[in-house]
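So you know, we letter chains A, B, ... as the sequences are listed, proteins then strands, and number each from 1.
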Amino acid sequence: MSEPSRYRPQAIEEIWQERWESQALDHTPEGSTEEPYYALSMFPYPSGNLHMGHVRNYVITDVIARVQRLRGRAVLHPMGWDAFGLPAENAAIERGVDPGAWTDRNIASMREQLKRLGLSIDWSREVATCHSDYYRWTQWLFLQFLDAGLAYQKDATVNWDPIDQTVLANEQVDGEGRSWRSGALVEKRKLRQWFLKITAYADALLDDLAGLDGWPERVRTMQANWIGRSTGAELQFAVLDAGGEPSGDTVTVFTTRPDTLYGASYVVLAPEHPLVPALTTADQAVAVAAFCDLVSRQSEQERTAEDRPKRGVPIGAMVRNPVNGESIPLWIADYVLADYGTGAVMGVPAHDQRDFLFARQYELPVRQVIVPEGADAHAFEGGAWTEAGVMIDSGPFDGMASREAAAKIVARGETEGWGRGRVQFRLRDWLISRQRYWGCPIPVIHCDSCGVVPVPQDQLPVELPRDVAFSGKGGSPLAQLESWVEVACPCCGKPARRETDTMDTFMCSSWYFLRYSDPANTSLPFSREAVDRWLPVDQYVGGIEHAILHLLYSRFFTKALRDRGLLGFSEPFTRLLTQGMVQGITYRNPASGKYIAPDDVADPTDPRDPLSGELLEVFYEKMSKSKYNGVDPGVVIERYGADTARMFILFKAPPEKDLEWDDADVEGQFRFLQRLWRLVETSVERGVVLADGEQRLPALLAADAELTEAERELRRAVHTAIEAVSEDLQGDYQFNTAVSELMKLSNAMGTHLEAVRPEVAREALRTLVVLLAPFAPHLAEELWQKLGANPDGLQSVHRQSWPSSDATALVRDTIPLVIQVKGKVRGNLEVPADADAATLERLALESEIALKWLEGQKPRRVIVVPGKLVNLVP
RNA sequence: GGGGGCAUGGCGAAACCGGUAGACGCAGCGGACUUAAAAUCCGCAGGCCGCAAGGCUGUGGGGGUUCAAGUCCCCCUGCCCCCACCA
């Protein structure tokens with residue numbers, strides 16, 4: 001016997017990757033009759049470094065794609081790059097490199113890192129949003145939105161960095177209202193900005209969530225909350241002049257509780273409300289001006305601080321409550337938001353906690369008009385009663401249920417002309433303008449004569465100029481490049497100016513999944529035929545951090561493009577899997593708060609600060625550089641191979657849960673793969689190979705129904721594994737238990753393989769290797785070839801078909817019957833598998849267990865669950 | 001404040017529709033092999049009592065439904081996530 005070879009992933013993985021690539025094994029079958037399946041990972045930003053979060057994401061999608069191929073589907077499994085964005089521009093500013101070249105280098109390096117994972121990606125369909133053959137179509141789609149009236153310009157209040165002279169995204173302003181880069185206090189500025197009218201689809205985006213039953217409930221809820229539909233009413237309060245007569249002005253409030261109208265003791269406007277200057281009386285002018293000034297200088301943080309005291313001033317005017325004619329004062333207050341509802345609310349202190357606090361502070365009347373059902377007293381103290389109840393002190397509505405009264409009051413308002421029902425959304429239109437260089441240019445031209453003129457389609461793409469200077473100061477480099485900005489108007493030919501804003505990168509990522517269906521199309525972003533063939537995406541996989549924005553924007557794009565006739569479906573992603581984070585072991589000195597690198601901790605069982613000797617806290621947290629708890633995928637692959645990394649990630653935790661990286665567990669996975677290697681090695685040495693005679697198993701089964709006990713056991717293990725793994729890989733993906741089923745099968749094979757006839761051994765080996773293929777593709781392929789008599793005689797294991805289980809192999813003659821007495825398990829009884837309930841009851845009653853525990857009593861009741869248990873209740 | 005989720009051995013986790021809780025693995029312990037170690041193989045392993053046979057107990061806490069509850073219902077506690085002066 002020769003020296004057994006060892007499993008050395010380094011020696012096989014890259015070889016197989018190259019061979020698969022040269023055979024175009026992962027190319028998307030076009031024009032095939034097989035049913036299409038689209039498996040998609042959220043594409044990465046090309047930072048240049050692959051981290052474990054990426055690895056987890058792509059490995060999960062890869063397993064899904066590989067399983068679907070084995071099941072006979074035509075699979076589209078693409079990859080691309082979300083390649084516009086600030087890091088490239090910062091690299092340009094800080095190091096003087098060209099953002100495009102910097103991005104392309106990162107893409108090249110990340111692509112190589114990805115390929116080492118053995119992902120079955122069709123790289124021929126790769127897209128990068130920063131390449132003009134892609135962003136040309138982003139621009140084309142923008143023009144579609146413009147044409148549909150879904151893209152428009154308006155003045156908006158934005159975060160303005162006065163030092164860097166640029167607009168910042170909300171995420172780029174820290175908690176103290178300072179720019180993340182310049183450190184300057186950010187100002188609010190009004191600038192003309194581009195928006196997409198996502199609110200036009202608010203109802204559809206909300207209502208269609210109900211049909212997305214392949215999405216996590218959590219994500220659907222988050223989107224629903226974000227859209228925030230609330231049903232209520234707009235009510236008009238007439239402004240009164242000094243003599244108490246209507247002045248002609250009207251204040252309109254939005255409320256979800258029209259039933260509380262009789263309890264309104266004041267009306268309050270946002271300080272920015274446009275009517276404030278006109279309605280302020282002379283004696284309040286100074287106080288109002290001072291208050292507005294104070295509010296405008298408050299930072300975002302101050303206005304949203306916890307326990308914010310509510311402040312306001314009366315502006316002098318009075319308004320009339322439309323339902324009872326009462327005169328009540330008009331205030332302004334900082335707790336009313338200018339950009340929600342009408343920017344005005346009615347103050348009902350008895351039935352709104354904020355109004356209650358405000359009224360108490362300024363000694364405004366608190367009048368209860370709804371009481372809890374069954375209560376007759378004015379029953380609350382210290383807060384507002386905000387639930388539904390029964391109406392009191394509300395004129396003709398007294399005694400009515402408040403829900404009913406709400407509708408009646410609105411109806412009366414509609415009759416009398418002071419109220420109407422209204423649906424309000426929290427969702428705002430999407431601000432897509434960025435005063436940045438490294439983004440997709442907005443393809444419009446501003447002409448003094450013609451106004452906003454779209455760039456003609458035959459002039460797309462509007463390319464980003466490469467000869468720009470990056471100073472990081474003075475706003476967008478595009479705006480400073482006169483040669484690029486100055487252009488003839490496509491309409492009238494007179495001198496005009498290009499739009500210098502670029503698009504939010506979320507624009508580019510809102511349609512990339514459509515482009516993969518038809519990536520080489522040079523006349524359209526995608527053909528209707530291709531997009532309708534492959535989409536919607538069958539399974540989308542990515543991080544929960546995109547639960548709202550990216551997924552909502554993509555849904556909006558899909559619906560808007562459907563209405564333009566560009567595609568024929570309403571939702572882009574049929575199923576969504578949000579994978580958990582990858583956490584690294586983290587050491588922190590609790591006294592100093594400093595993080596310590598694991599390498600600097602001498603003894604992990606007694607972790608000490610290497611400098612001070614203090615005891616360290618140990619916990620798992622999301623991997624990050626600053627916490628020294630990251631694990632480099634490249635290092636892991638170098639050491640254990642991609643297959644071990646894949647198996648570990650899949651086995652360690654269910655996909656949607658956080659995963660704790662643990663080197664010892666990685667070792668454990670490696671050992672498992674080594675065992676599989678030896679199992680096959682040993683079989684091959686015994687001459688058990690797959691190339692010949694495999695078809696003889698059915699003959700053996702037919703001719704020799706009396707298999708040995710070991711053969712039956714092994715076959716049962718094989719077919720149990722097929723059933724269990726198949727089950728784990730559909731519906732909810734349970735890769736962790738699927739891997740554990742492979743382990744069980746390998747354990748059973750370790751026990752029985754040498755004791756069974758070759759035909760039975762072959763079936764087990766073949767099944768194990770095919771089931772393993774989606775998880776550990778390189779090792780499975782290597783084992784597949786080792787098992788073949790002629791190394792080139794068998795096709796790739798990845799071109800096999802998913803095994804189906806043989807019900808006869810699962811049949812048992814006897815089963816262990818659980819005997820319970822009064823619900824407690826008291827023992828097992830081996831009984832014929834096909835025994836009926838009466839037989840089971842008799843066997844149970846005759847058993848020693850019954851004799852011992854019933855102590856001669858006759859059971860009052862006997863519950864028989866055939867195939868499972870008998871419960872004897874004395 | 002509103003909404004969503006989670007809680008099972010030393011650890012990661014499993015458990016179909018209510019039917020033997022802890023599969024599978026990590027760490028641990030014992031044994032075989034070895035001069036020795038590593039690797040490998042075999043075995044043990046929720047807790048408590050017991051030499052053992054065996055018994056009691058056990059899925060964050062309390063109650064309930066049921067022949068039977070990790071699983072269903074009510075209340076409580078702790079942790080995580082999202083939104084948040086949204087009228």
Rounded to the Å, how far apart are R220(A) CZ and G5(B) C1'?
15 Å
When both hydrogen-bonding distances must be under 3.5 Å and the geometry is Watson-Crick or G-U wobble, what is C51(B) paired with, if anything?
none
Decide salt bridge (charged side-chain N to carboxylate O under 4.0 Å, His left out) for R229(A) and D203(A); before the verdict, give the C-alpha distance in whole Å, the side-chain angles of both, and the deciding distance to 0.1 Å.
CA-CA 8 Å; R229(A) 180 161 65 194; D203(A) 275 311; 2.4 Å; yes
Decide whether Y620(A) and N629(A) meet the rule of one side-chain donor and one side-chain acceptor closer than 3.5 Å.
no
Which pairs with one or both residues in residues 861-874 of chain A pass salt bridge (Lys or Arg N to Asp or Glu O under 4.0 Å), sequence neighbours excluded?
none
With sugar-phosphate meaning primed atoms plus P, OP1 and OP2, does Q734(A) contact a base, only sugar-phosphate, or nothing at under 4.0 Å between heavy atoms?
sugar-phosphate
Per atom distances to the N871(A) side chain, the nearest of A87(B), C83(B), A68(B) is A68(B)
On RNA chain B, nearest-nucleotide positions of N736(A) versus G750(A): which is more 5'?
N736(A)
Given A87(B), U20(B), G19(B), the nucleotide with the shortest approach to the side chain of I863(A)
G19(B)
Going by a 90° cut-off around 0, is G64(B) syn or anti?
anti
Counting only Watson-Crick or G-U wobble pairs whose two distances fall under 3.5 Å, which nucleotide matches C6(B)?
G78(B)
If you only use heavy atoms from C-beta on, which nucleotide in C86(B), A87(B), G19(B) is closest to the side chain of R428(A)?
C86(B)
With a 4.0 Å cutoff (strictly under), does any side-chain N or O of Q223(A) reach OP1 or OP2 of C83(B)?
no
One thing to verify: whether E681(A) and R678(A) come together as a salt bridge, which I'm taking to mean a side-chain N less than 4.0 angstrom from a carboxylate O.
no
N/O-N/O pairs, protein side and nucleotides 25-29 of chain B side, under 3.5 Å:
unit_1, atom_1, unit_2, atom_2, d
G25(B), OP1, N747(A), ND2, 3.3
C26(B), OP1, R671(A), NH2, 2.8
C26(B), O4', D665(A), OD1, 2.7
C26(B), O2', D665(A), OD1, 3.3
A27(B), OP2, R671(A), NH2, 3.3

Map Q424(A) and N828(A) onto RNA chain B by nearest heavy atom, then report which one ends up closer to the 5' terminus.
N828(A)
May I ask you to say what W853(A) touches in the nucleic acid, namely base, sugar-phosphate or nothing, with a heavy-atom cut-off under 4.0 Å?
sugar-phosphate
Hunt down the Watson-Crick or G-U wobble partner of C41(B), both distances under 3.5 Å, from any strand shown, or write none.
G31(B)
Please classify the nucleic acid contact of P816(A) as base, sugar-phosphate, or nothing, using heavy-atom distances under 4.0 Å.
base
What orientation do Y266(A) and F358(A) show, parallel under 30°, tilted 30 to 60°, or perpendicular over 60°?
tilted
As a test of understanding, state which of F648(A), F651(A), Y7(A), W677(A) forms a ring-ring contact (aromatic ring centres under 6.0 Å, His included) with F670(A).
Y7(A)
Students often get this wrong, so: under 4.0 angstrom with heavy atoms, is V818(A) touching a base, only sugar-phosphate, or nothing?
base
Under 4.0 Å, counting only non-hydrogen atoms across every strand here, what does R218(A) touch: a base, just sugar-phosphate, or nothing?
sugar-phosphate
Distance alone, cut at 3.5 Å: any donor-acceptor contact between the side chains of E830(A) and T814(A)?
yes
Tell me which nucleotide among U57(B), G4(B), C86(B) gets nearest to the side chain of T221(A).
G4(B)
Please pick, from A87(B), A13(B), G19(B), the nucleotide with the shortest atom-to-atom distance to any side-chain atom of Y340(A).
A87(B)
Could you classify C17(B) for me, syn or anti, using a glycosidic angle within 90° of 0 as syn?
syn
Just by distance, no angles: are the side chains of E656(A) and Y733(A) close enough, under 3.5 Å, to form a donor-acceptor pair?
no
